[in-house]
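Since the structure comes first, as structure tokens, the remarks are kept for the end.
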Amino acid sequence: FSPLIRKLIEVRTILKLVDDRHQMHLPSIVVIGSQSSGKSSVLEAIVGREFLPKGSNMVTRRPIELTLIHSPELAEEYGILPQVSQEKIFDFEDIKNHLSRLNQAVPEDQCVSKDPIELKIYSPSVPDLTLIDLPGYIQVNTKDQPRYLKTRIAELCERYITQNNIILAVCPADVDLANSEALLASRRVDPKGARTIGVITKLDLVDPLSGAAILDNRDYPLQLGYIGVVCRKNKFGNDITLSHPAYQGRGLKVGVSTLQQTLIQTLESRLASSLHQLDDALQSELEEVRYQYKVEYNDRLITAESYVADSMDILKHRFKDFASSFGKAQISDQIRATLEQKVLDVCARLYWADADILQLNYDALNNPHWQGKLDQAAALLTKCGVGKLSTQLVVDTLMYHMDKISRAEPFVHHEDMRRKIIQFSNDIVKQKLKSTVDQVENTIKPYKFAVDCNSEEWSDARKRTIALLKEEITLCDASLSKIKQAVGTSNLRKAINHMEAESPADQGVHFSPKLLAKAREAAWLRERRKTLRYRLAMSKSRTCKSSSNKTICPEIYLNMVSSKLTTTAVMFIKVELLDEVFFQFPREVDTHLLYYGLTKEQIAQFARQNPKIARQLQLKDARTHLEHAASKLSYLIREMDS
Ligand code: GDP
């Protein structure tokens, strides 16, 4: 058995790992012949086992690429069908069934497919060879076969024999060589017969003298000659037919082992002569790939693992950036704004809608009605669920940013990973949510009974109140002018006058319900604006400068309370929630995604999801494989040359 062929098959196997573009062609042995010429029998004789599906009805519909691997150490031979699984198949009957199934997978209307089936056979008794079995030529179309089938099969065979392969032209002895489709086809692509071996089957069916005449190679000469075999079922080559004197001692080649020897020698000499050519092709391919990798990726080293690590680093960095920009000041602003809105709601409900609101002045300072109202208002504010409200607000903002962070490059390519990130961020936050809400509620409890403040806090609240009231007035103005614009100033005035008249029906003018509704809204807004202006003036007044007059400055008082609530909430949310999340997140990234969270396959899959990285990895792999193949090849050449 030939070490050269074996090593070259190794090189080819490596090259097969690189994509088709880099596919390098090593000569194989292609078996062609008409249907029933004995092709399958010859192949099985070479392997020494039966494993090909047989039958009269087009059993071979796809090329079978058969790689024989000489394995002297094996106790039991086996096959592998890489397209099915990497499992070793010891029962050759199973191989046959798989092959049948793979052949049947070709749709009936296509009849043949150029998509090859790969089969590897490991055995101590096979030589290292690659053989390709092809569908048999059709000589006569039968009724149930489509017309184009004949051409289809011929074209398929053509693809394989035009390459630099060795052609095994199988011709049955009982059919005139002149009619052999196999020889006809091979002559078209190899006119001198330099790479065609004629295999004459079924010698037992003709008398030995005419058999010997065929093998004599006179009528249709081939440089590599003819070899005669007999492969009746379960009898590989040891048929007594071949021991007839007509076949002996005249330099005629007969028998399966002669066929094997010839195949190996022929393949070897062709391979040896093509080694340098192959090496050149491989080197230039390698150069090209190296150049591409340098230009496109600046030779930067990358693995699926390093890509995952880099991606997680990016994630952590981005998170860190966010964490450092999202502190007390930011959550303070958010919570304050929300609570101020609550203050306005409470004021509107308890004060501005009060019919006596214009009497809330210096005279009301000790009025129990207004004093009670202030307590009621403060209670409404402190019991509005500040803990839940403020914590949820921060959580929402946090998750909004997590979403944003997990959406940016490179995670746009990794939707499943993105979901994972959001999932565990959510989990971290959820763990802290309830205890934070409780903590905040607990610490604001005292404010539910009494809130003291210093003059600075009061004057702060007063400033903010003035601004807020001004804003409210502006909003009223805006709503009013919107209504005026919609219905017209004079219409509006008429409608309001009509509404405010003692007995509206007397005026005899008709107003639409829609206009009347607008008029009511406008009247209300005017009232509200009046109230707000009055409250603004009051808040600005000297009286409201002092917190001891809080009864008549409820807006300022409530804003002061809201400010205290904010400060307290912020303090606890920061410590209980934010700091915890900021601490845990990068650690969770490590546990979930980096060190323990991903299997090797998941890492590879992750990297492939990013098309750019997938391409880079592919190119890098191609380079590695080509380098591996090239080094094996040059070693081989050096060995041969010396
Ligand atoms: P394929 O269609 O070209 O693959 O041909 P097969 O190998 O299936 O053989 C067709 C038929 O010829 C089968 O019934 C084989 O048993 C028979 N056959 C093959 N080789 C020989 C041979 O050397 N002698 C005889 N008598 N029959 C053979």
Side-chain angles (χ1 to χ4, degrees), residues 29-66 92-93 95-97 99-100 102-104 106 111-112 116-117 119 131-142 145 149-150 153-154 156-157 160-161 167-175 177 179-186 197-208 210-212 214-215 226-244 246-247 252-260:
I29 297 159
V30 181
V31 188
I32 54 169
S34 308
Q35 291 189 345
S36 295
S37 57
K39 259 173 347 88
S40 316
S41 306
V42 168
L43 262 168
E44 290 182 330
I46 294 170
V47 179
R49 292 292 294 256
E50 282 189 57
F51 60 95
L52 290 168
K54 290 199 209 71
S56 51
N57 190 24
M58 279 289 302
V59 279
T60 308
R61 291 163 180 261
R62 303 165 60 176
I64 301 175
E65 291 187 8
L66 178 61
F92 279 60
E93 204 49 42
I95 297 182
K96 192 187 281 189
N97 293 336
L99 289 177
S100 277
L102 291 167
N103 268 307
Q104 296 303 321
V106 179
C111 295
V112 289
I117 302 170
L119 169 62
L131 297 145
I132 296 160
D133 186 24
L134 290 163
Y137 289 106
I138 297 178
Q139 273 167 316
V140 191
N141 268 321
T142 59
Q145 288 169 335
L149 181 56
K150 192 171 168 171
I153 292 174
L156 177 58
C157 296
Y160 280 91
I161 58 177
I167 304 168
L168 218 54
V170 177
C171 321
D174 59 345
V175 176
L177 281 196
N179 293 331
S180 163
E181 293 279 347
L183 284 180
L184 278 175
S186 99
I197 300 174
V199 180
I200 307 298
T201 57
K202 307 189 185 181
L203 277 179
D204 57 318
L205 298 185
V206 296
D207 75 85
S210 21
I214 303 173
L215 297 181
Y226 289 86
I227 300 170
V229 291
V230 174
C231 320
R232 268 180 308 197
K233 199 165 170 42
N234 295 330
K235 268 197 190 167
F236 295 134
N238 296 324
D239 198 276
I240 53 160
T241 314
L242 300 178
S243 49
H244 191 278
Y247 297 117
L252 298 183
K253 292 196 212 165
V254 289
V256 171
S257 64
T258 313
L259 175 60
Q260 286 186 340

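As the structure lists them, so they are numbered: ligands from 1, and atoms in each ligand from 1. Just so it is clear, the values below take in all heavy atoms, side chains as well, and ignore hydrogens, waters and symmetry mates.
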Q.
If I compare all heavy atoms of Tyr247 with all of Leu242, which pair ends up nearest, and what's the gap?
A. CB-O, 3.7 Å
Q: Would you mind reporting whether Ile46 and Ile29 have side-chain heavy atoms less than 4.5 Å apart?
A: no
**Q.** Heavy-atom pair with the smallest gap, counting every atom of Tyr226 and Lys253
**A.** O-CB, 3.7 Å
Q) Heavy atom of Gly33 under 4.0 Å from ligand 1? A) no
**Q.** Distance filter under 4.0 Å to Val230 heavy atoms, resulting ligand 1 atoms
**A.** 23 (O)
Q) Counting from 1, what ligand 1 atoms have a heavy atom of Ser34 closer than 4.0 Å? A) 3 (O)
Q: Output the list of atoms in ligand 1 that are nearer than 4.0 Å to some heavy atom of Leu205, sorted by atom number.
A: 26 (N)
Q) Counting both backbone and side chain atoms, is some N or O of Ser41 under 3.5 Å from an N or O of ligand 1? A) yes
Q: Could you tell me whether Val42 approaches ligand 1 through its side chain, its backbone, both or neither, with non-hydrogen atoms closer than 4.0 Å?
A: neither
Q) Do any N/O atoms on Lys202 end up under 3.5 angstrom from N/O atoms on ligand 1? A) yes
Q | Residues in salt bridge (charged side-chain N to carboxylate O under 4.0 Å, His left out) contact with Lys202, at least two apart in sequence or another chain | A | none
Q. Do any nitrogen or oxygen atoms of Cys231 lie less than 3.5 angstrom from nitrogen or oxygen atoms of ligand 1?
A. yes
Q) Is there side-chain contact between Lys39 and Tyr137, with heavy atoms separated by less than 4.5 Å? A) no
Q: State which residue, out of Val31, Ile64, Leu52, fulfils the side chain to side chain contact (heavy atoms under 4.5 Å, CB included) condition with Ser40.
A: Leu52
